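As structure tokens, the structure follows; a few thoughts come after it.
Keep in mind that what you see is a predicted model, and the values were worked out from it rather than measured. When a ligand or atom number is given, it counts from 1 through the structure's own listing order.
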Amino acid sequence: MRTPFIAGNWKMYKTVAEAVALVRELRGMLDGLEGCEVAVCPPFTALAAVREVLSGSTIRLGAQNVHWKDEGAFTGEISPLMLRELCEYVIIGHSERRQHFGETDEMVNKKLHAALAYGLKPILCVGENLEQNRAGETEAFVSAQVRAAFAGLTAGQASQITVAYEPIWAIGTGVPATGEGANAIIGGVVRRTLAALYGDEVAQGIRIQYGGSVKPDNIAEFMAQPEIDGALVGGASLKASDFAAIVRNGLAAKAGK
Ligand code: 13P
């Protein structure tokens with residue numbers, strides 16, 4: 001059984017003071033919850049302060065990006081060696097980084113290797129854009145993204161990774177995929193590709209989230225699907241009551257309630 005995993009990607013939102021306030025609220029709403037892993041991924045600047053607020057909490061902490069070197073002359077970058085003191089998870093290869101900051105499959109692969117070498121647990125994002133989706137290229141594209149990302153990783157390393165399938169056309173648009181549509185790609189493409197790489201047993205153990213316009217009123221549709229193990233939530237993770245409702249509704253749906 002894969003433990004459901006719901007994470008909030010705060011993107012470039014929240015000052016340190018705002019982040020602390022939000023996570024205090026979340027602690028009050030979600031602390032001690034069983035049967036589901038919950039994580040928040042604030043901006044780098046808020047990691048240390050949020051970590052303090054979460055001390056002793058069941059809510060986990062993640063970052064949104066990482067460089068692949070442990071140190072060096074890379075102005076503005078943050079290394080896995082630095083991150084491991086602050087957090088447990090790290091989002092890698094988000095489409096916004098691929099799109100706006102030129103991240104390639106090769107860079108994503110290097111980041112995965114580096115994060116894993118330092119004991120960080122990656123959340124790897126994959127997903128097609130609208131054009132690719134309309135052209136019927138989703139399967140080939142997403143499968144190639146997964147293969148490129150996992151290149152050179154052992155089964156043991158692969159098992160540490162959570163994959164987030166985030167179709168770009170669903171991110172921030174208010175137009176989510178359907179539960180069935182997302183389940184088909186997650187099971188039929190992402191998990192199937194992982195099975196081809198590592199065998200069925202390993203693939204069955206890897207958690208795969210859906211991301212893209214997840215809200216309190218649509219999370220159940222995704223979590224009710226057998227292949228979908230959780231969600232990577234953007235906008236709706238910025239409000240404590242919404243994120244808490246997503247976690248609660250998602251967990252209930254997974255439990256078949
Ligand atoms: P939204 O939930 O705002 O659509 O963002 C999804 C996302 O990109 C999470 O990483």
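Distances between N or O atoms of Ser213 and those of ligand 1 include at least one value under 3.5 Å. Backbone and side-chain nitrogen or oxygen atoms of Ala236 are examined, and none is located within less than 3.5 angstrom of a nitrogen or oxygen of ligand 1. For Asn9, a nitrogen or oxygen atom sits less than 3.5 Å from a nitrogen or oxygen atom of ligand 1, counting backbone and side chain alike. At least one N or O atom of Gly235, backbone or side chain, sits closer than 3.5 Å to an N or O atom of ligand 1. An N or O contact shorter than 3.5 Å is missing between Lys215 and ligand 1 by distance.
The number of heavy-atom neighbours closer than 6.0 Å to CD of Glu103, taken from other residues, nucleotides and ligands shown, is above 12.
Around atom 4 (O) of ligand 1, the closest heavy atom drawn from Gly174, Gly172, Gly211, Gly234 belongs to Gly172.
At a heavy-atom distance under 4.0 Å, atoms from both the backbone and the side chain of Leu232 approach ligand 1.
Taking a cut-off of under 4.0 Å to the non-hydrogen atoms of Glu166, the atoms of ligand 1 that pass are 6 (C), 7 (C), 8 (O), 9 (C), 10 (O). Atoms of ligand 1 found under 4.0 Å from any heavy atom of Gly212 (numbered from 1 in listed order, with element): 4 (O), 6 (C).
Between the side chains of His113 and Gln157, no donor-acceptor pair of N or O atoms lies under 3.5 Å.
Salt bridge status for Arg147 with Asp105: absent, with no side-chain N to carboxylate O gap under 4.0 Å.
Lys254 places a side-chain N or O within donor-acceptor distance of the main-chain N or O of Met223, the cut-off being under 3.5 Å. Side-chain N or O atoms of Gln160 include none that pairs as donor or acceptor with a backbone N or O of Leu120 at under 3.5 Å.
Taking the six-membered ring for Trp and the full ring otherwise, Phe222 and Tyr165 have centroids separated by 6.0 Å or more.
The protein heavy-atom contact nearest to atom 5 (O) of ligand 1 is Lys11 NZ, 3.2 Å.
Residues Val50 and Leu61 meet the side-chain proximity criterion, which asks for heavy atoms closer than 4.5 Å.
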